[in-house]
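Atoms considered below: every heavy atom in the structure, side chains included; atoms not considered: hydrogens, waters and symmetry mates. In what follows, residues are counted from 1 in the order of the sequence shown.
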Amino acid sequence: MANQGGEKKRVVIVGGGAAGSVIAHSLQLCADVVLIDQKEYYEIPWGSLRARVEPSFAERTVIKHSDYLTNVQIVVATATNVTESEVFTADGHSFAYDYLVVATGHKDSFPRTRSERLSQYESEFEKIKSHDSILIVGGGPSGVELAGEISVDFPEKKVTLVHQGSRLLEFVGPKASKKALNWLISKKVEVLLEQSVNLDNVSDGIYQTSSGETIKADCHFLFTGIPLGSSWLKETVLKDSLDTNGRLIVDEHLRVRGHQNVFGIGDITDIKEMKQGYIAHQHAQVVGKNLKQVLTGGKEHKLAPYKGAASSELAIVSLGRKEGVAQFPFITISGCIPGKIKSGDLFVGKTRKELGLKP
């Protein structure tokens with residue numbers, strides 16, 4: 001599809017999370033960019049757990065797309081189909097593209113507007129504040145960080161964390177898992193491993209675990225099994241580019257297999273690495289660079305390869321406000337140093353600056 005009279009090429013990005021938002025921001029001056037997202041805002045993912053215990057924190061982490069994408073057409077809708085040249089949305093509209101970026105991550109059910117999201121945090125805060133005992137189901141980074149935030153801000157509350165796996169934070173090494181476990185235990189969080197909880201059968205605040213234990217809790221938070229945001233692609237022109245897990249198969253330049261002008265970024269790709277926000281961010285930087293290259297008439301063979309995350313073994317999980325556990329390639333540490341790196345501001349100021357906003 002050649003553009004007449006030197007008009008800018010049209011780039012359609014589906015998904016406005018950690019990857020899609022960054023790429024829309026980086027391309028907004030050199031292409032005609034359309035961002036299709038189910039919600040009107042980008043939420044800095046590494047800030048969401050703090051926002052539950054400090055709702056005002058969300059004022060900085062939940063950012064309207066229109067605040068940082070001044071030169072982008074923002075479409076608040078659900079994408080439902082892709083053809084060789086167009087993306088269709090659930091409300092019956094279609095958007096032609098020269099280049100397409102699929103960044104639909106995981107299928108979370110977030111409210112559509114920023115104000116609804118902020119009031120959701122207010123009510124989750126009230127839920128934590130007004131209950132004496134809290135059950136957290138799922139011992140990945142979200143469950144562990146929320147348990148840490150509550151145990152530091154509300155030390156008088158009884159927090160129980162139940163996890164199906166044999167150790168917390170299975171995406172990192174056993175050393176980091178153990179440090180996180182010991183830290184939570186030191187804060188009087190009760191951690192039950194290799195168990196699941198039946199959430200359909202709760203009476204009078206009594207929860208049953210798979211091993212027959214009972215847990216008394218006034219409320220619960222669930223952090224397990226968020227499905228990949230790729231099921232919508234199964235009936236589209238990209239259906240043959242999905243692997244058996246539903247992930248998009250991409251080449252070293254993050255182009256989708258069999259489609260020269262389609263890129264896949266973030267959690268939805270089949271790259272063997274941890275699925276984390278900062279890694280999705282790195283995908284976006286590579287694809288942004290590559291799209292700028294082709295949009296300005298650069299040579300295809302000069303595209304930058306994605307070399308894998310700067311270190312696919314780097315992970316930092318914050319534990320409350322001042323501490324954390326950090327896994328680096330050769331060493332795992334916990335305490336104040338990782339806390340200084342992440343827990344203080346959770347990288348929120350830095351991320352806002354990258355989007356051209358005040359920290």
Stepwise, does the side-chain contact (heavy atoms from CB on, under 4.5 Å) test hold for Leu118 with Val62?
CA-CA 8 Å; Leu118 294 179; Val62 182; 4.2 Å; yes
#### Entry: Val72 vs Val34, side-chain contact (heavy atoms from CB on, under 4.5 Å): CA-CA, chis, key distance, verdict
CA-CA 6 Å; Val72 169; Val34 178; 6.0 Å; no
*Between Asp218 (side chain) and Asp132 (backbone), is there a donor-acceptor pair under 3.5 Å?*
yes
Ala284 and Ile23 have their tightest heavy-atom pair at O-CD1, 3.8 Å
Lys/Arg N to Asp/Glu carboxylate O, Glu354 vs Lys350, below 4.0 Å
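Looking at Lys350 together with Glu354, the answer is yes, because their closest N to O distance falls below 4.0 Å.
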Can any side-chain N or O of Asn198 pair as donor or acceptor with the backbone N or O of Asp200 at less than 3.5 Å?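 The answer is yes, because a donor-acceptor pair under 3.5 Å joins these two groups.
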Mark yes or no for whether Gln327, through its side chain, and Gly173, through its backbone, hold a donor-acceptor pair below 3.5 Å.
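Confirmed, Gln327 side chain pairs with Gly173 backbone.
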Checking side-chain hydrogen bond (donor to acceptor under 3.5 Å, both in side chains) for the pair Thr61/Trp46: CA distance, chi angles, key distance, verdict? CA-CA 9 Å; Thr61 60; Trp46 31 90; over 6 Å; no
### Task
Supply the atom-to-atom distance Phe125 CZ to Ser119 OG, rounded to the nearest 0.5 angstrom.
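Answer rounded to 0.5 Å: 14.5 Å.
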- Look at the rings of Tyr207 and His220 and say which category their plane angle falls in: under 30° parallel, 30 to 60° tilted, over 60° perpendicular.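 Tyr207 and His220: perpendicular rings.
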Review point. Any donor-acceptor pair under 3.5 Å linking the side chain of Gln164 with the backbone of Ser196?
Key: no
Has Lys9 got its NZ or CZ under 6.0 Å from the middle of the six-membered ring of Tyr97, at an angle within 45 degrees of the ring axis?
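No - Lys9 does not lie over the ring of Tyr97 by the 6.0 Å and 45° rule.
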Q.
Assess the residue pair Ser231 and Lys107 against the criterion (side-chain contact (heavy atoms from CB on, under 4.5 Å)); give the C-alpha distance rounded to whole Å, side-chain angles, the decisive distance to 0.1 Å, and a yes or no.
A. CA-CA 9 Å; Ser231 51; Lys107 199 172 176 163; 3.7 Å; yes
Are Ile63 and Tyr41 packed together at the side-chain level, in the sense that at least one heavy-atom pair is separated by less than 4.5 angstrom?
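They are not in contact (no side-chain heavy atoms under 4.5 Å apart), so the answer is no.
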Self-check item: Polar side-chain atom of Ser151 near backbone of Pro155 as donor-acceptor pair, under 3.5 Å
Solution: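 Not confirmed, Ser151 side chain does not pair with Pro155 backbone.
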- Query: Got a second to check how far Thr269's OG1 is from Lys272's NZ, nearest 0.5 Å?
  - Reply: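 Those atoms lie 9.5 Å apart.
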Tested for side-chain hydrogen bond (donor to acceptor under 3.5 Å, both in side chains) against His163, the lone hit among Glu170, Gln195, Glu194 is Glu170
message: If you apply the rule salt bridge (charged side-chain N to carboxylate O under 4.0 Å, His left out), what do you find for Lys307 with Glu252, and how did you get there?
response: CA-CA 8 Å; Lys307 296 189 168 75; Glu252 58 175 341; over 6 Å; no
Check your understanding: Is the backbone N or O of Glu122 less than 3.5 Å from a side-chain atom of Arg52, with the two atoms forming a donor-acceptor pair by type?
Key -> no
Please check if Leu100 and Leu233 belong to a single hydrophobic cluster, counting links between Ile, Leu, Val, Met, Phe, Trp and Tyr side chain heavy atoms closer than 4.5 Å.
yes
For Ser230 and Gly246, the nearest pair of non-hydrogen atoms, with its separation, is OG-O, 2.7 Å
Does atom CD1 of Ile337 have more than 12 heavy-atom neighbours, drawn from other residues, nucleotides or ligands, at distances under 6.0 Å?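 Atom CD1 in Ile337 is not crowded, with 12 or fewer foreign heavy atoms closer than 6.0 Å.
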* **Contact check, side chains of Asn245 and Leu228, non-hydrogen atoms, under 4.5 Å** => no
Hey, any chance Ile136 and Ile215 share a hydrophobic cluster, counting ILVMFWY side chains that come within less than 4.5 Å of each other, even indirectly?
->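 No, it is not one cluster - the side chains of Ile136 and Ile215 are not joined through contacts under 4.5 Å.
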To check you understand the geometry: which heavy-atom pair defines the closest contact between Lys179 and Ile333, and what is its length?
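For Lys179 and Ile333, the tightest heavy-atom pair comes out as CD-C, 4.1 Å.
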Strictly distance-based, threshold 3.5 Å: is any side-chain N or O of Asn261 a donor or acceptor partner for the main-chain N or O of Asp98? yes
When rounded to the nearest 0.5 Å, the distance separating CZ of Phe263 from CG of Asn290 is 5.5 Å
4.5 Å side-chain heavy-atom contact, Leu135 and Val137: yes
I'd like to know if Asp32 pairs up with Arg10 as an ion pair, taking the criterion as any Lys NZ or Arg NE/NH1/NH2 lying under 4.0 Å from an Asp or Glu carboxylate oxygen. yes
Inset, instruction - For the residue pair Val82 and Trp232, establish whether any side-chain heavy-atom pair is separated by less than 4.5 Å. - result: yes
query: Does a side-chain N-to-carboxylate-O contact under 4.0 Å join Asp243 and Arg247?
result: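 Answer for the salt bridge query: no.
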hydrophobic_cluster_shared for Phe154 and Leu146, side chain cutoff 4.5 Å: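 Yes, Leu146 connects to Phe154 through the hydrophobic network.
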- For Tyr68 and Gln28, which heavy atoms make the closest approach, and how far apart are they?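 Heavy atoms of Tyr68 and Gln28 come nearest at O-NE2, 3.4 Å.
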Between the CD1 atom in Ile226 and the NZ atom in Lys275, the distance rounded to the nearest 0.5 Å is 15.0 Å
Note to self: Walk me through whether Arg321 and Glu54 qualify under salt bridge (charged side-chain N to carboxylate O under 4.0 Å, His left out).
What the structure shows: CA-CA 11 Å; Arg321 288 176 180 267; Glu54 186 189 328; 2.7 Å; yes
Decide whether Gln208 and Thr214 meet the rule of one side-chain donor and one side-chain acceptor closer than 3.5 Å. no
inquiry  = Using only atom types and a distance under 3.5 Å, with no angle test, would you say the side chain of Lys187 pairs donor to acceptor with the backbone of Ala147?
reply    =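 Checked: no pair found.
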Next on the checklist: Is it true that, when you exclude Lys64 itself, more than 12 heavy atoms of the residues, nucleotides or ligands shown sit nearer than 6.0 Å to its NZ?
Outcome noted: no
> Do Asp108 and His106 meet the criterion of a side-chain donor-acceptor pair at a distance under 3.5 Å?
Replying inline: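 No, no side-chain donor-acceptor pair sits under 3.5 Å.
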| Can Glu40 and Arg117 be counted as an ion pair, charged N to O under 4.0 angstrom? | no
Atom of Ile265, atom of Val287 and distance for their closest heavy-atom approach
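For Ile265 versus Val287, the nearest heavy atoms are CG2-CG2, 3.4 Å.
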Quiz item: Would you call the rings of Phe221 and Phe223 parallel, tilted or perpendicular, where under 30° means parallel and over 60° means perpendicular?
Solution: parallel
_With a 4.5 Å cut-off on side-chain heavy-atom distances among I, L, V, M, F, W and Y, is there a chain of contacts connecting Leu222 to Ile150?_
no
**Item:** Parallel, tilted or perpendicular: rings of His283 and Tyr306 (30°, 60°)
**Value:**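 Perpendicular, since the angle between the ring planes exceeds 60°.
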### Query
Is it true that the NZ or CZ of Arg50 lies under 6.0 Å from the centre of Phe57's six-membered ring and within 45 degrees of the ring axis?
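Because its charged atom sits under 6.0 Å from the ring centre and within 45° of the axis, Arg50 does stack over Phe57.
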Start with the C-alpha distance between Lys158 and Lys188, add both sets of side-chain angles, then the distance that settles side-chain contact (heavy atoms from CB on, under 4.5 Å), and finish with yes or no. CA-CA 8 Å; Lys158 172 81 188 101; Lys188 308 208 167 23; over 6 Å; no
Exercise for the section: Identify the heavy atoms of Leu184 and Gly148 that sit nearest to each other, and give their distance. Expected result: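 Residues Leu184 and Gly148, closest heavy atoms: CD2-N, 4.0 Å.
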Q.
Can a side-chain donor-acceptor contact be found between Gln38 and Arg112 if the only test is distance below 3.5 angstrom?
A. no
Residue Lys127 excluded, over 12 heavy atoms near NZ under 6.0 Å:
yes
Just by distance, do the side chain of Ser241 and the backbone of Arg257 share a donor-acceptor pair under 3.5 Å?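 Here the side-chain-to-backbone pair exists.
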Does a side-chain heavy-atom distance below 4.5 Å link Tyr99 with Val262?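 No, too far: nothing below the 4.5 Å cut-off.
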With the threshold set at 4.0 Å, does a side-chain nitrogen-carboxylate oxygen contact exist between Lys39 and Glu116?
no
Kindly compute the distance separating NE2 (His65) from OG1 (Thr70), expressed to the nearest 0.5 Å.
->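 Spacing of NE2 (His65) from OG1 (Thr70) equals 14.0 Å.
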Check: What about Ile271 and Ile249, same hydrophobic cluster or not, with Ile/Leu/Val/Met/Phe/Trp/Tyr joined at side-chain heavy-atom distances under 4.5 Å?
Finding: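 As far as the 4.5 Å side-chain criterion goes, Ile249 and Ile271 are not connected within one cluster.
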**Request:** For the pair Glu59 and Arg114, find out whether any cationic side-chain nitrogen is under 4.0 Å from an anionic carboxylate oxygen.
**Result:** yes
Tell me whether Ser177 contacts the main-chain N or O of Leu168 through its side chain, where contact means a donor paired with an acceptor under 3.5 Å.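 Side chain of Ser177 to backbone of Leu168, a donor-acceptor pair under 3.5 Å: yes, one is there.
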